[in-house]
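Residue numbers begin at 1 in each chain, while the letters A, B, ... track the order of the sequences.
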Protein chains: 2
Amino acid sequence: MQGVLESRGASAASGLTERQGAVLEQALRLLVDGGEKALTTAGIARAANCSKESLYKWFGDRDGLLSAMISYQASKVRTLDVSAGALDAEGLRRHLVAFAKDLLDVLAGDVSLALNRLAIGQASREGSKLGHMLQERGRRQIGRRAGALLEAGRKAGLLVFDDAEEAYGALYGLVVSDWHLRMLLGEEPGEMKKGFSRRAERAVDAFLSLYGKKG
Amino acid sequence: MQGVLESRGASAASGLTERQGAVLEQALRLLVDGGEKALTTAGIARAANCSKESLYKWFGDRDGLLSAMISYQASKVRTLDVSAGALDAEGLRRHLVAFAKDLLDVLAGDVSLALNRLAIGQASREGSKLGHMLQERGRRQIGRRAGALLEAGRKAGLLVFDDAEEAYGALYGLVVSDWHLRMLLGEEPGEMKKGFSRRAERAVDAFLSLYGKKG
DNA sequence: CTCCATCAGTACCGTACGGTACGGTTCGCA
DNA sequence: TGCGAACCGTACCGTACGGTACTGATGGAG
């Protein structure tokens with residue numbers, strides 16, 4: 001189906017063949033549906049119509065497979081950069097609200113929740129790099145978008161802060177609060193999702209009253 | 001060692017005998033040290049010098065044991081009520097900072113992190129009530145203390161808010177941000193704990209500038 | 001002293017998982 | 001047409017776990 005030179009499909013950005021990407025897709029699907037316990041090598045092989053031998057040839061062992069799943073999923077998420085155009089107060093607010101809503105939507109996503117649960121479950125193990133990987137690939141990525149947005153706001157004289165990291169932490173906390181943990185603990189996200197827009201606006205209002213120009 | 005009328009030890013508040021409490025203590029110790037994978041029935045029996053048969057007689061099955069561990073740990077935590085004395089602005093700030101620091105300390109505790117990891121790992125399972133239990137016994141408990149504090153502040157004319165739940169959510173988010181998740185993902189808490197005091201003060205300052213009287 | 005309940009310790013069973021090995025098949029390539 | 005690489009499907013192995021059954025010891029009640 002594919003040779004050495006893979007056809008650079010949507011998933012081949014990490015040096016994986018399309019076939020391997022499809023396998024990881026099925027593995028993610030299994031993880032989302034049944035949790036970590038359902039994520040057995042035999043189950044993945046069955047769901048992806050491949051052999052266990054191929055799994056071990058491609059990913060080394062089970063941990064390598066889990067790492068590949070996280071890398072693969074992270075490679076699919078592309079954070080759109082903020083437009084560098086001139087910002088007015090209302091534009092900044094709209095960008096912040098959009099960012100806040102996107103953040104809530106991402107955190108509430110099936111795959112995100114499943115991968116976070118997986119990494120947290122493996123976090124007790126010594127030398128488990130899953131948590132670190134998720135942190136690096138996830139938070140850094142979305143934090144970069146927020147950082148650029150905040151910096152643009154400061155450049156435009158709309159925001160006032162000394163430590164961008166602290167300002168971002170406040171924004172994150174106001175937006176997310178303990179909702180992420182509650183969803184990770186199994187609280188039905190369907191009910192919470194309906195309030196995301198209103199929650200994002202409220203949080204951004206609070207953030208602007210803390211770090212806004214006149215504050 | 002004990003009959004029907006147990007001697008009301010520190011752990012017998014949940015209808016458990018001292019022996020059973022000691023077993024749960026060992027189970028928590030195992031969980032903290034080695035994570036969920038180390039929490040086998042044989043391991044618990046060995047660590048607690050009891051038989052597996054007794055474990056199943058007392059707790060039914062493994063899930064019952066896990067539930068009992070959460071209930072037991074929750075029963076040990078006693079949230080001290082806020083003193084109902086008259087509050088001035090500085091007193092409210094000190095109370096809020098103390099609450100914030102306690103919150104961070106609790107969330108960063110070994111047992112708390114281990115139990116949260118355990119409940120999150122089981123959250124994918126259908127009908128797993130561990131997450132709900134932890135949410136109810138943990139958040140409600142500490143949220144009640146915060147609620148009383150906020151209400152006292154409002155009664156004293158020092159705080160202004162309509163929805164107490166929303167105000168508490170903002171306080172929680174400003175204090176915790178994503179630190180809880182980062183610790184759950186395995187980030188070394190030793191390094192973070194040093195900044196708890198400063199972080200608590202900063203968060204409370206921000207909270208007061210949002211919900212303080214003059215805000 | 002005898003009876004009985006409880007419990008520790010251990011052996012045991014069925015199952016399921018991670019990982020490996022092997023036969024059979026497809027497909028590119030000379 | 002023949003060769004070899006990749007791969008699927010499956011059988012297999014060792015291990016470890018959850019849960020049960022059995023034995024022997026302890027200790028209190030009558």
Visitor: Quick one: is D:dA6 close enough that its OP1 or OP2 comes under 4.0 Å of any side-chain N or O from A:W58?
Guide: no
Visitor: Distance from A:L185 atom CG to B:L134 atom CG, nearest 0.5 Å?
Guide: 6.0 Å
Visitor: Tell me the interatomic distance from A:R125, atom CZ, to C:dG18, atom C1', rounded to whole angstroms.
Guide: 13 Å
Visitor: May I have the distance from B:R46 (atom CZ) to D:dG18 (atom C1'), rounded to whole angstrom?
Guide: 14 Å
Visitor: At under 4.0 Å, does any side-chain N or O of B:R19 touch on OP1 or OP2 of C:dA8?
Guide: yes
Visitor: Does the pair B:L181 and A:R139 meet the rule for a side chain to side chain contact (heavy atoms under 4.5 Å, CB included), with working shown?
Guide: CA-CA 11 Å; B:L181 186 72; A:R139 182 172 191 265; over 6 Å; no
Visitor: Any N/O pairs under 3.5 Å between the protein and nucleotides 21-25 of chain D? List them or say none.
Guide:
from, atom 1, to, atom 2, distance (Å)
D:dC22, N4, B:E53, OE1, 2.3

Visitor: Which whole-number value in Å describes the distance from B:Q26 CD to C:dA8 P?
Guide: 13 Å
Visitor: Whole Å only: how far is the CD atom of B:E18 from the C1' atom of C:dT6?
Guide: 17 Å
Visitor: Identify whether the distance between the nearest side-chain nitrogen and carboxylate oxygen of B:R93 and B:D205 falls below 4.0 Å.
Guide: yes
Visitor: Let me know which of A:Q20, A:Q73, A:K76 forms a side-chain hydrogen bond (donor to acceptor under 3.5 Å, both in side chains) with A:E25.
Guide: A:K76
Visitor: Thinking salt bridges, do B:R117 and A:E36 make one under a 4.0 Å N-O criterion?
Guide: no
Visitor: May I have the distance from B:K37 (atom NZ) to D:dC17 (atom P), rounded to whole angstrom?
Guide: 7 Å
Visitor: For B:T41 and D:dC17, is the shortest distance between a side-chain N/O and OP1 or OP2 below 4.0 Å?
Guide: no
Visitor: For A:P189 versus A:M183, what's the shortest heavy-atom pair and its separation?
Guide: CB-SD, 4.1 Å
Visitor: Tell me: OH of A:Y56 to P of C:dA21, nearest whole Å?
Guide: 13 Å
Visitor: For the pair made of CG in A:L66 and P in C:dG19, what is the distance, rounded to whole Å?
Guide: 10 Å
Visitor: Please report, rounded to the nearest Å, how far the C1' atom of D:dA16 is from the CD atom of B:E36.
Guide: 15 Å
Visitor: Classify the ring geometry of B:F196 against B:W179: parallel below 30°, tilted from 30° to 60°, perpendicular beyond 60°.
Guide: tilted
Visitor: Return the 5'-most residue of the pair A:D61, B:K57 with respect to DNA chain C, ranking by each residue's nearest nucleotide.
Guide: B:K57
